[in-house]
Amino acid sequence: MSYQALYRVWRPQRFEDIAGQQAITQTLKNALVQNKTSHAYLFTGPRGTGKTSAAKIFAKAINCTHSQDGEPCNECDLCQSITQGKLGDVIEIDAASNNGVEEIRDIRDKANYAPTQADYKVYIIDEVHMLSMGAFNALLKTLEEPPANVIFILATTEPHKIPLTIISRTQRFDFRRISPQDIVERMRYILTQKEVDYAEDALQTIAKAAEGGMRDALSILDQALSFSEGALQTEDAMRITGSITQELLEGYIEALYSHETEKGLNILHALIAEGKDPSRFVEDMILFSRDLLLYQTSQADTLLKMAKADDGFAELAEQVPAALLYEVIQVFNETQQEMRLSNHAEVYLEVATVRLTQARAAVQTASTAPSSGGADDQVQEVAALKKQLAEMQKLMQNVTANQGTAKPAPQKAKRSSSSKSVFKVNKTSVHRVLENATRQDLSQLKDVWPDLMNVLEASQKAIMNTSTPVAASPQGLVVTFDYDILCERATNDTILLDAIGEYLEKVIGHRAEMISVPAEQWPIVRQEFIKQMKEDSTSAEDNQEAAAPDPKEDQIVSEAFKLFGESFVQVKE
Ligand SMILES: [Zn+2]
């Protein structure tokens, strides 16, 4: 028999076995017992916190005829064939691979057929945030008129990428990171069942490294067990957990150093997909960069004692200029501040990654600083490095001061909010677009927008990811961004603007100037324009079919926008 990963073998088969989510599993069990289930659920939370396990258990419990207290029996034919993934009425879809509109349309058609063997057809759509806009719209139609005896369970690690219209039609459950104690307990249970001896510290080490994901914990445990002979030792656990983190951090720094934006973003996305806590990543990066700098400035042999200083680490320390490491610490320090004010940490990390991989100028000025060779230069270099180190230590103090405390130092907080400059919208350009705006132009753009993401480079995609076209004329378009910082980058990035222009020329036949507006400011800018239109002309009614929406209709539309979110309301005439 081939080896099976621990997390597969020990996948929970009952709600009771799902660690650390008691509130959720109890609510689901109650709903099952009282026949008060919903036709659509949204399970959100980091990877490895039990979302898909809960979905499968739910599919069993609702169909099992011997279910007790909301738990499936796991013994009847239905339960077993669901466990094995063989029951045709329980359909698992990985949106990461099936993100097309066609597949969802297919679901829509098939969902209308009654289940064949079970009482309920259950669709489990994993990584649902990966669906394209078209596919979301198709899914929305199904959720609006749910067929009888069909239940949708949507699972995602990134709920902010899901349209509000979808979220509002589901019952949402947020899965939390699993506490280290709960993870340790589960590992202890598994090891006892497997009759494997273990050092208690080894379990603690693994639980800490897993950062709240059971799946991660069990795959680290898997590796550690393959390392150790007989009993699980603390050293084995430390060797595995240390090397995983360090390898990724090294790869990330390498990507920054070689200006490989795509590689940097890929490592970042891989880390987040694996359940790495973004703020923990920021802390790790700052500490790792500090270690590299320390290694560069100190005597190598004293540092060789550091567990970190393996060959890869030493090589990296020799390659990477101190100026870049210094910049990494600074940028991540800023990112840490920004992330505190936002729920969408990932976006800030993407921006930081793009910034750092493109930080060519800073690196070059530092490494091409005048140098005539000789001992004097070395002395100077050391002095410069020492100065940087002192500044860095000051930065580090801020970082550690901010760690774990809910409130950053008051002065710091004040500065970060006042220095958060408000993006200045180019109102003249926006008005020029609005004056000639037509719905046809806008709907044409909305149709092609999702595909634009496919032609952009990873770094450009990171900027455009939260963009939405909100108005368009034949010559121009207005696009909103969820974040000021991205709006600013989109406005100033001429290469990006060119790429978008070229793409539009290809698919809609002409270039159109893109004007960026922060989503927050858009309703105000738009209202201003409408007001101005009314003032400019009292006979606006004669001339309104294309540009200015009728005020009453407009009121309805903005109500609709408030309800459903701007991008998902289509104004039909
Ligand atoms: Zn059963």
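Every number for a ligand or one of its atoms is a count from 1 in the order of the listing.
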Q | With sequence neighbours excluded, residues passing salt bridge (Lys or Arg N to Asp or Glu O under 4.0 Å) with Asp236 | A | Arg239
**Q.** Thr37 side chain to Tyr120 side chain, donor-acceptor N/O pair below 3.5 angstrom
**A.** no
(Q) Run the salt bridge (Lys or Arg N to Asp or Glu O under 4.0 Å) test against Glu200 and tell me which residues pass, sequence neighbours left out. (A) Arg188
(Q) Between Phe288 and Phe313, is the ring-ring contact (aromatic ring centres under 6.0 Å, His included) condition met? List the steps. (A) CA-CA 10 Å; Phe288 188 68; Phe313 183 88; 5.7 Å; yes
Q: Keeping waters out of it, list the protein N, O or S atoms under 2.8 Å from the Zn ion (ligand 1).
A: Cys64 SG, Cys73 SG, Cys76 SG, Cys79 SG
Q | Partners passing salt bridge (Lys or Arg N to Asp or Glu O under 4.0 Å) against Glu520 (at least two apart in sequence or in another chain) | A | none
Q: For the residue pair Phe152 and Tyr123, categorise the inter-ring angle as parallel (less than 30°), tilted (30 to 60°) or perpendicular (more than 60°).
A: parallel
